[in-house]
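Accompanying notes for the structure given below.
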Amino acid sequence: MDSIDIEGIPDIRNYVPRSVKEAFAIQRALKERVSLENSFESISLIAGVDLAILKERKQLVCGIILFEFPELSIIDKVYSIVDEKFPYIPGLLSFREGPAIIEAYGKLEVKPDILILDGQGIAHPRGFGIACHIGVILDIPTIGVGKKKLYGTFDELGMVPGRYSPLYSKQGDTIGAVLRTKKNTKPVFVSPGHKIDLPSALEVVTECARGYRVPEPTRQADKYVAELKKEFL
DNA sequence: GCGACAG
DNA sequence: ATCTTGTCGC
């Protein structure tokens, strides 16, 4: 039961692991499909995602907002509400939030060139954070932007916005970067998810930093989901 | 056995 | 994520 036969899973998009061991196996298998090369030619559309919990209903609300890039003007908004089927376990976030994100994404009539997710990309214990997971399953470029570190080590960075410090794996590989998006404010953790390299991911996130710590697409999605939460409480 | 630990 | 008052910096 060490290695999983991914091909044998009917709907990997909504598959719920029966154990942590199985979840680990799925991540190790899907990790092989991650690409760290830019697959896009230019970026004219970008989207941000965020989720909230409807505790009473035991459901998750996911909101995705599509923006024109680099203007960052809103073009569309979609959302999904899904039953909570997997708990929050550090390192296995995608199994909890993935289904809701994928369903909402499917409702977008126009797809973005890049999707920014809350959480890590390859800066993960097994190199397969939620940004990688969503990117591989949807086969689209994704970037992971976390507010906290999950994995890796780094040196302190300057206070000037735009400054960053590489995130290193235990083996010494650069797996992401800690980016200062705002003065005198804690940095964010940026790492490639799929079909994009670190330099590009950093450029995009830096470009999306508009006066706040969290990049605009994510910040807007955050507000959107907060409203949805009230509406569906 | 003791820390670390995305949202 | 969520709860939750006052408080510090721009």
Side-chain angles (χ1 to χ4, degrees), chain A residues 16-17 20 23-24 26-27 30-31 34 48-64 79-104 115-136 142-154 159-161 167-170 175-194 201 205 209-215 217-230 232-233:
Chain A
V16 181
V20 169
F24 276 33
I26 291 174
Q27 293 185 316
L30 291 178
K31 177 186 186 307
V34 172
V49 193
D50 196 32
L51 295 87
I53 300 174
L54 300 180
K55 195 176 182 183
E56 306 301 271
R57 305 177 56 169
K58 296 182 178 178
Q59 296 182 310
L60 302 180
V61 201
C62 173
I64 298 182
Y79 73 86
S80 70
I81 294 184
V82 174
D83 291 334
E84 182 175 34
K85 293 183 175 179
F86 197 80
Y88 167 67
I89 299 175
L92 299 180
L93 179 64
S94 59
F95 292 106
R96 176 179 176 71
E97 307 189 335
I101 296 172
I102 293 169
E103 186 180 311
L115 182 63
I116 296 181
L117 291 114
D118 250 316
Q120 316 298 320
I122 60 173
H124 176 279
R126 289 167 295 289
F128 197 69
I130 191 169
C132 299
H133 197 134
I134 299 301
V136 166
T142 58
I143 298 173
V145 179
K147 294 183 288 297
K148 295 177 182 176
K149 182 190 73 174
L150 169 63
Y151 177 79
T153 60
F154 64 96
M159 273 319 210
V160 179
L167 239 195
Y168 301 106
S169 69
K170 221 163 189 175
I175 55 177
V178 186
L179 173 69
R180 188 79 66 185
T181 51
K182 182 184 180 189
K183 302 172 185 176
N184 303 322
T185 301
K186 293 173 61 60
V188 294
F189 299 77
V190 180
S191 59
H194 187 46
V205 176
R210 301 292 169 83
Y212 294 89
R213 179 163 96 115
V214 177
T218 301
R219 207 174 74 76
Q220 292 299 321
D222 190 356
K223 295 169 57 181
Y224 178 41
V225 172
E227 292 308 309
L228 290 171
K229 181 171 182 175
K230 295 181 184 176
F232 291 93
L233 198 168

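The model shown is predicted, which means the values in this text are computed figures rather than measured ones. Every chain is numbered from 1, with letters handed out A, B, ... down the list of sequences.
Using a 4.0 Å cut-off between charged nitrogen and carboxylate oxygen, A/Arg96 and A/Glu84 count as a salt-bridge pair.
No donor-acceptor distance shorter than 3.5 angstrom exists from the side chain of A/Thr181 to the backbone of A/Val214, with no hydrogens or angles considered.
Whole-Å rounding puts the A/Ile130 CD1 to B/dG7 P distance at 10 Å. For the pair A/Lys182 NZ and C/dG9 P, the computed distance is 13 Å after rounding to whole Å. Between the CG atom of A/Leu92 and the P atom of B/dC5 there is a distance of 16 Å, given to the nearest Å. To the nearest angstrom, C1' of B/dA6 lies 17 Å from CG of A/Leu179. Here the P atom of nucleotide B/dG3 and the NZ atom of A/Lys170 are 16 Å apart, to the nearest Å. Rounded to a whole Å, the OH atom of A/Tyr212 is 20 Å from the P atom of C/dG9. Going from atom CZ of A/Arg126 over to atom C1' of B/dA6 covers 12 Å, rounded to whole Å. A straight line from CG of A/Asp222 to P of B/dG7 spans 11 Å, rounded to a whole angstrom.
Using a 4.0 Å heavy-atom distance criterion, A/Lys149 is classed as a sugar-phosphate-only contact. Residue A/Gly146 is in sugar-phosphate contact alone, with no base atom involved, counting any heavy-atom pair closer than 4.0 Å across all strands shown. A/Lys147 comes within 4.0 angstrom of the backbone, heavy atoms only, and of no base. Using a 4.0 Å heavy-atom criterion, one finds that A/Ala52 contacts the sugar-phosphate atoms exclusively. A/Gly144 comes within 4.0 angstrom of nothing in the nucleic acid, heavy atoms only.
Ring-plane geometry between A/Phe95 and A/Phe86 is classed as tilted, the angle between the planes lying from 30 to 60 degrees on a 0 to 90 degree scale. Ring orientation note: the planes of A/Phe128 and A/His133 are tilted relative to one another, at an angle of 30° to 60°.
When distances are taken from the side chain of A/Asp50 to each of C/dT2, B/dG7, B/dC5, the shortest belongs to B/dG7. Comparing C/dG9, B/dA6, B/dG7 by their closest approach to the side chain of A/Asn184 singles out C/dG9. Taking every side-chain heavy atom of A/Leu93 into account, B/dG7 is the closest of C/dT2, C/dC10, B/dG7.
Applying the 4.0 Å criterion to OP1 and OP2 of C/dC3, one finds that A/Lys55 has every side-chain N and O outside that range. The shortest distance between the side-chain N/O atoms of A/Tyr151 and the OP1/OP2 oxygens of B/dA6 is not below 4.0 Å.
Per the stacking criterion (ring centres < 5.5 Å, plane angle < 30°), A/Phe189 does not stack onto the base of B/dA6.
From A/Leu117, atom CG reaches atom CD1 of A/Ile130 across 6.0 Å, with rounding to the nearest 0.5 Å.
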